[in-house]
Amino acid sequence: MSFKPEVIADSSGKWSGNALRFATRGEAEANVQDLMMRWFAVRDTRVVECDDPVNYSYIDHKLLPIPAAEITPVLALDAVTQLQGKMNTEG
């Protein structure tokens with residue numbers, strides 16, 4: 001489980017995010033609030049809980065990547081990747 005920051009940055013009303021995933025809601029909220037202060041077009045912000053692996057921390061207004069060795073792989077995605085590899089070699 002992780003938390004992803006999202007913004008509405010235009011008149012479409014659509015939520016947009018990026019690949020940042022944080023371990024705590026507090027980190028994601030701090031990140032999206034700092035983003036809102038830098039962007040002029042942000043109309044609204046939110047933090048959404050998701051099943052993606054944590055890949056960043058946000059401490060003292062600094063975005064810190066978590067080394068890949070510390071990220072837990074998503075087993076279902078590994079199975080899809082293996083299946084795609086088999087399909088590519090059979091063709």
Side-chain angles (χ1 to χ4, degrees):
M1 177 181 71
S2 63
F3 297 90
K4 61 181 178 177
E6 296 183 334
V7 299
I8 296 175
D10 60 21
S11 61
S12 72
K14 290 181 140 189
W15 290 100
S16 298
N18 52 27
L20 300 178
R21 301 295 181 265
F22 299 99
T24 68
R25 180 175 294 279
E27 285 178 290
E29 287 174 353
N31 174 261
V32 79
Q33 290 301 313
D34 284 352
L35 176 69
M36 182 179 72
M37 298 306 288
R38 291 191 313 271
W39 288 11
F40 294 111
V42 173
R43 296 171 182 245
D44 202 359
T45 66
R46 72 178 181 184
V47 171
V48 179
E49 190 174 316
C50 66
D51 291 327
D52 297 342
V54 174
N55 59 4
Y56 278 87
S57 61
Y58 197 70
I59 301 169
D60 295 328
H61 305 282
K62 292 182 181 129
L63 192 59
L64 305 169
I66 295 175
E70 296 179 23
I71 298 174
T72 305
V74 179
L75 298 179
L77 182 58
D78 289 345
V80 169
T81 302
Q82 289 174 0
L83 180 61
Q84 287 176 335
K86 285 181 183 178
M87 292 171 52
N88 289 338
T89 59
E90 293 174 358

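Predicted, not measured: the structure shown is a model, and the values here were computed from it.
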> When clusters are formed from ILVMFWY side-chain contacts under 4.5 Å, directly or step by step, what else is grouped with Leu63?
Replying inline: Leu20, Phe22, Tyr56, Tyr58
> In the hydrophobic clustering (ILVMFWY, side-chain contacts below 4.5 Å, transitive), which residues join Ile8, or is it alone?
Replying inline: Trp15
>> Please tell me whether Phe3 and Val42 are part of a single hydrophobic cluster in this structure, the criterion being side-chain heavy atoms less than 4.5 Å apart.
In response: yes
> Is Phe40 linked to Met36 within one hydrophobic cluster, defined over Ile, Leu, Val, Met, Phe, Trp and Tyr using a side-chain heavy-atom separation of less than 4.5 Å?
Replying inline: no
> About how many Å separate OG1 of Thr45 and CG of Asn31, when rounded to the nearest 0.5 Å?
Replying inline: 10.5 Å
> Which residues satisfy the salt bridge (Lys or Arg N to Asp or Glu O under 4.0 Å) test with Arg46, sequence neighbours excluded?
Replying inline: Glu6
> Please, which pairs that meet salt bridge (Lys or Arg N to Asp or Glu O under 4.0 Å) have at least one residue in residues 15-33, sequence neighbours excluded?
Replying inline: Arg21-Asp52
> Looking at residues at least two apart in the chain, or sitting in another chain, which of them share a side chain to side chain donor-acceptor pair (under 3.5 Å) with Glu49?
Replying inline: none
>> Can you list everything that forms a side-chain contact (heavy atoms from CB on, under 4.5 Å) with Ser11? Sequence neighbours excluded, please.
In response: Arg43
>> Is it the case that the side chain of Asp60 and the backbone of Lys62 share a donor-acceptor pair, with hydrogens and angles ignored and the cut-off at 3.5 Å?
In response: no
> Shortest non-hydrogen contact from Ala19 to Asn55?
Replying inline: O-ND2, 2.8 Å
